[in-house]
Amino acid sequence: MNEPIRVAVLGASGRMGGTTVRAVQEADGLELVATLDAGDDLRAVVDAGAHVAVDFTVPSVTEDHVHTLVDAGVHAVVGTTGWDDASLGRVRDHLVRAPGVGVVVAPNFALGAVLAMAFARQAARWFESAEVVELHHPDKVDAPSGTARHTAQGIAAARAAAGLGPVPDATTQAVDGARGADVDGVRVHAVRLRGLVAHEEILLGNAGEMLTIRHDSFDRVSFMPGVLLAVRRVVDRPGLTVGLEDLLDLHA
Ligand SMILES: NC(=O)C1=CN([C@@H]2O[C@H](COP(=O)(O)OP(=O)(O)OC[C@H]3O[C@@H](n4cnc5c(N)ncnc54)[C@H](O)[C@@H]3O)[C@@H](O)[C@H]2O)C=CC1
Ligand SMILES: O=C(O)C1=N[C@H](C(=O)O)C[C@H](O)C1
């Protein structure tokens, strides 16, 4: 019988960290060996003999965590948002000097959300207009969501590859923020509402028609199949993987 994968959870007292702790405890072939939160020393991950650390913390610390883990030879599965091309690039470079170590950074581990992003990329080249609306619980600290940014970047890349120009928008007078954030030329709107968990609508428009792609996470358990998949796969996947798309064979 194979040895279990030894897993540490960073941010274990948080909403996602707590859900991950329970999912790892219940998962076949995984063993929870350490739970850390703010103020704890990351050396506990190594002392516990963890193979993989799952990070659901805050944008200001997550990159440092990954570099420390890579130096220690611990694979990382990261759901924390706030990553950009520069921070991902630094991790990619670091991993060149740490052969055999894998890092998965995914803005959304819910399978439906990953599919929604893939569908949006596929559809984007056929529509003149595209906007993204993300809706979340009001305790979320970042806006727009990492998922919405990733979605908009995917749409923008698909539009550019198809030779589409800017989305039409005649706005010349607007209250600050009324048109949302501009992510690579795609407008992204963020709603914060008590009662919500994590939701996204991708609106694609042509003359006389609209395609809406919508995903709803009603409960944080929705992220767990993706987290567990990444934990199981990262140990045999050296280097940096961004998004769950590749693990689900969804990359265009
Ligand atoms: N990729 C995905 O599928 C998902 C990603 N997220 C992201 O995960 C992150 C966490 O979200 P929530 O759990 O809702 O937040 P939360 O605020 O409930 O939990 C964050 C936890 O991190 C802890 N923390 C802060 N600094 C730390 C440090 N230096 N070391 C260890 N722990 C530290 C906090 O004390 C807290 O317990 C956010 O960036 C969120 O956007 C959330 C849901 C799904
Ligand atoms: O903070 C959250 O809750 C979520 N954060 C991630 C994001 O910013 O995209 C994933 C999901 O939307 C839930």
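Please read these numbers as outputs of a predicted model, since none were measured by experiment. No hydrogens, no waters, no symmetry mates; every other heavy atom, side chains included, goes into these values. Counting convention: from 1, in listed order, for ligands and their atoms alike.
- The CD atom of Glu128 sits 12.0 Å away from atom CG of Leu204, with the distance rounded to the nearest 0.5 Å.
- At distances below 3.5 Å, at least one donor-acceptor pair connects side-chain atoms of Glu134 with backbone N or O atoms of Ser145.
- Under a cut-off of 6.0 angstrom, the local environment of CG in Asp28 is sparse, with at most 12 non-hydrogen atoms contributed by other residues, nucleotides or ligands.
- Under a 4.0 Å criterion applied to the non-hydrogen atoms of Thr81, ligand 2 contributes the atoms 6 (C), 7 (C), 8 (O).
- Here Thr212 contributes atom OG1 and Ile202 contributes atom CD1; the two are 9.5 Å apart, rounded to the nearest 0.5 Å.
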Provide, line by line, the atom pairs where ligand 1 and the protein bring an N/O atom each to a distance under 3.5 Å; else say none.
unit_1	atom_1	unit_2	atom_2	d
ligand 1	1 (N)	Gly79	O	3.1
ligand 1	1 (N)	Ala106	O	2.9
ligand 1	1 (N)	Pro107	O	3.0
ligand 1	3 (O)	Phe109	N	2.8
ligand 1	13 (O)	Arg15	N	3.4
ligand 1	13 (O)	Met16	N	2.8
ligand 1	14 (O)	Arg15	NE	3.0
ligand 1	14 (O)	Arg15	NH2	3.4
ligand 1	18 (O)	Arg15	N	2.8
ligand 1	32 (N)	Ala38	N	3.2
ligand 1	35 (O)	Asp37	OD2	2.5
ligand 1	37 (O)	Gly14	N	3.2
ligand 1	37 (O)	Asp37	OD1	2.8
ligand 1	37 (O)	Asp37	OD2	3.3
ligand 1	39 (O)	Thr81	N	3.1
ligand 1	39 (O)	Thr81	OG1	2.8
ligand 1	41 (O)	Thr81	OG1	3.0
ligand 1	41 (O)	Lys140	NZ	2.9

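- Within the 4.0 Å heavy-atom cutoff, His137 counts among the residues contacting ligand 2.
- Rounding to the nearest 0.5 Å gives a distance of 11.0 Å between CD1 of Ile155 and CZ of Phe127.
- The protein atom (non-hydrogen) at minimum distance from atom 5 (N) of ligand 2 is Lys140 NZ, 3.1 Å.
- Taking a 6.0 Å sphere around CD of Gln25, one finds it holds more than 12 heavy atoms contributed by other residues, nucleotides or ligands.
- Here the straight-line distance linking atom CD1 of Ile213 with atom CE of Met117 works out to 11.5 Å at 0.5 Å rounding.
- Within a 6.0 Å radius of CZ in Arg43, no more than 12 heavy atoms belonging to other residues, nucleotides or ligands are found.
- Which parts of ligand 2 touch Asn108 is read off a 4.0 Å heavy-atom cut-off, strictly below it: atoms 10 (C), 11 (C), 12 (O).
- Near Ser145, with a cut-off below 4.0 Å to any heavy atom, the atoms of ligand 2 are 7 (C), 8 (O), 9 (O).
- In this structure, Thr81 OG1 and Arg149 CZ are separated by 9.0 Å, a value rounded to the nearest 0.5 Å.
- How far CZ of Phe218 is from NE2 of His199: 6.5 Å, rounded to the nearest 0.5 Å.
- Atom 12 (O) of ligand 2 has its closest protein heavy atom at His136 NE2, 2.6 Å.
- The protein atom (non-hydrogen) at minimum distance from atom 10 (C) of ligand 2 is Pro107 O, 3.3 Å.
- The atoms of ligand 2 that sit less than 4.0 Å from any heavy atom of Gly146 are 7 (C), 8 (O), 9 (O).
- Contact annotation for Glu200 and ligand 2: no heavy atom of the residue comes within less than 4.0 Å of the ligand.
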Side-chain donor/acceptor pairs under 3.5 Å, residues 91-113, sequence neighbours excluded:
unit_1	atom_1	unit_2	atom_2	d
His94	ND1	His67	ND1	2.8
His94	NE2	Asp71	OD1	2.9
Asn108	OD1	Ala110	N	2.9
Asn108	ND2	Thr147	OG1	3.0

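- Of the protein's non-hydrogen atoms, Thr147 OG1, 2.5 Å is the one closest to atom 9 (O) of ligand 2.
- Taking any N or O of Arg220, backbone or side chain, none lies under 3.5 Å from an N or O belonging to ligand 2.
- Remark: the Glu245 side chain and the His150 side chain contain an N/O donor-acceptor pair separated by less than 3.5 Å.
- Geometrically, ligand 2 and Ala198 share no nitrogen or oxygen pair separated by less than 3.5 Å.
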